Number of protein chains: 2
Amino acid sequence: MTTVRVLLADDEHLIRGALAALLALEDDLVVVAEAATGPEALAMALAHRPDVAVLDLEMPGADGVSVATSLRAELPDCRTMIVTSHGLPGHLKRALAAGVRAFVPKTVSARQLAGIIRTVHAGNRYVDPELAADAISAGDSPLTAREAEVLELAADGAPVAEIAERASLSQGTVRNYLSAAASKLGAENRHAAVRLARQRGWV
Amino acid sequence: MTTVRVLLADDEHLIRGALAALLALEDDLVVVAEAATGPEALAMALAHRPDVAVLDLEMPGADGVSVATSLRAELPDCRTMIVTSHGLPGHLKRALAAGVRAFVPKTVSARQLAGIIRTVHAGNRYVDPELAADAISAGDSPLTAREAEVLELAADGAPVAEIAERASLSQGTVRNYLSAAASKLGAENRHAAVRLARQRGWV
DNA sequence: CACAGCTCATGACAAACGTCATGGGATGAG
DNA sequence: CTCATCCCATGACGTTTGTCATGAGCTGTG
């Protein structure tokens, strides 16, 4: 029997600890390291060279996907997987693009998670069926690069003047992009557009 | 030794299961029921009459605080406590007003949580020191009831006309409230005001 | 090469929004 | 009772927006 060396990264101590305890019950899994932040996860991975890194999507410092990206470069043999509370379609896409092998919502049971870790370790992929369906039905972002960028700058309710300055664009151009983005998303105004784009993980 | 009967409510199966397993290690605690949604938590509580209800703040159906409110009315002997990932000051306030005995971020360890459950069962309260400090420094909401209501309706980027209709107010009145709210919060416009109010848990 | 698509800009117009002054009715504290 | 505060409204003003037309430079594809 091969044992799988696992790295666990989650900023919530309660969950990380509990998870470690549950995974320890599976006798072919061993948690070799834990981390509470993105950078820490990276450091721990380099130090302990786990077979599989289980990364929370939302962590301080660097999110799961960017950790996965770094990991892919620095530790190619380590498979990565993402667990998350909020299963936005866009996140799934970003994750897969970063070479993540599994994308799992926290609504699964520990036993299922253990199974998925084995699946990933065996070289296969796993994506939660429901999330996959959402991602497919949500489709690709219709926004161009600049539209997305400007929309993101508009996210905190800043006036056009400020967005224009931060993006080094003229105010007119910003309004054009905002208008285009809103109409592509079927939103009444840029603020609603921001909400929609967020929901679909396009920002 | 008295044993404490605990209800566990969290929509994330992974966490709920893991938590149950960890609490089971404490021999004076016994998890008598689990729930994944607000209404389910309520039903389980009525059926199993636990000593302490550990409620996640964000759950489908009804959030932790409203469950606690119902519980207070229907099962006064049951102490309630809230665990949450996002410790917004306003939530803490709402929770305490609802008679919740403890408010804990998920960054604590399972051992600490067990201790807090005992504290609560003994009739005492517990509030995470950091959250308490935030809540105090954030202060009370300066918004009047209507201002908060209108601000909430503005949350999804709806135009004034729609807000006015939904609140049964004139458009002028809505704009006045929005303007007042934004200036009280020091925001540039209503959208930024919504963000700020959300951050502080005032909506 | 021609064509399509993205990028950036300008100008102009209508609609939406923020702000202010003003006032009447309700309510609660002193 | 009086005063402050909130609630609701109206009208008016200037500003910020969304939208549209138009055009120029750039890039990649067929």
Side-chain angles (χ1 to χ4, degrees), chain A residues 90 93-94 97 138-203, chain B residues 90 93-94 97 138-203:
Chain A
K93 241 167 230 182
R94 271 204 313 140
D140 268 329
S141 171
L143 304 176
T144 69
R146 281 286 187 266
E147 282 164 2
E149 183 192 335
V150 171
L151 202 55
E152 191 148 18
L153 287 173
D156 52 359
V160 171
E162 194 180 317
I163 301 172
E165 198 184 0
R166 291 217 273 167
S168 301
L169 290 176
S170 86
Q171 298 195 15
T173 303
V174 168
R175 287 191 292 174
N176 284 341
Y177 283 154
L178 250 20
S179 180
S183 102
K184 280 181 183 175
L185 298 179
E188 296 212 336
N189 55 47
R190 61 216 177 90
H191 305 288
V194 167
R195 275 199 335 115
L196 286 173
R198 272 215 196 298
Q199 270 177 25
R200 299 179 192 165
W202 289 341
V203 290
Chain B
K93 244 167 225 181
R94 273 205 312 141
D140 267 329
S141 169
L143 303 176
T144 69
R146 280 287 187 266
E147 283 165 0
E149 184 192 333
V150 170
L151 203 55
E152 192 148 21
L153 287 173
D156 51 0
V160 170
E162 193 180 315
I163 300 172
E165 198 185 359
R166 292 216 276 167
S168 301
L169 290 175
S170 85
Q171 297 194 16
T173 302
V174 168
R175 289 195 298 192
N176 284 342
Y177 283 153
L178 251 20
S179 179
S183 100
K184 280 180 183 174
L185 298 179
E188 295 214 337
N189 55 46
R190 60 218 178 83
H191 305 287
V194 166
R195 273 198 340 113
L196 285 173
R198 272 216 196 297
Q199 270 178 23
R200 298 179 195 168
W202 291 341
V203 292

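This is a predicted model, so every value here is computed, not measured. Throughout, a chain's letter reflects where its sequence line sits, starting with A, and its residues are numbered from 1.
- Here dC7(D) presents its P atom at 11 Å from CG of Leu143(B), a figure rounded to the nearest Å.
- Using a 4.5 Å cut-off on side-chain heavy atoms (C-beta onward), Gln171(A) and Val174(A) make no contact.
- The separation between Leu185(A) atom CG and dT19(D) atom P is 12 Å, rounded to whole Å.
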Nucleotides 7-23 of chain C: protein proximity per nucleotide (B base, S sugar-phosphate only, - neither; heavy atom, under 4.0 Å): BBBB-B----BBBBB--
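- Evaluation of the side chain to side chain donor-acceptor pair (under 3.5 Å) test over residues 173-188 of chain B, restricted to residues two or more places apart or in two chains, returns Glu147(B)-Lys184(B), Ser170(B)-Thr173(B).
- Taking the salt bridge (charged side-chain N to carboxylate O under 4.0 Å, His left out) definition, one finds that Arg195(B) meets it with nothing, sequence neighbours left out.
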Listed pairs under 3.5 Å, donor-acceptor, residues 150-167 of chain B side chains, sequence neighbours left out:
none

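- The minimum heavy-atom distance between Ala182(A) and Ala193(A), with the atom names listed, is CA-CB, 3.9 Å.
- Helix bend of the helix from dC1(C)-dG30(D) to dG23(C)-dC8(D): the angle between its two end axes, each built from five pairs, comes to 30° after rounding to 10°.
- dT5(D) and dG24(C) are spaced 14 Å apart, taking the C1' atom of each and rounding to whole Å.
- Scanning all heavy atoms of the two residues, the minimum distance from Trp202(A) to Pro142(A) falls at CZ3-CD, 3.4 Å.
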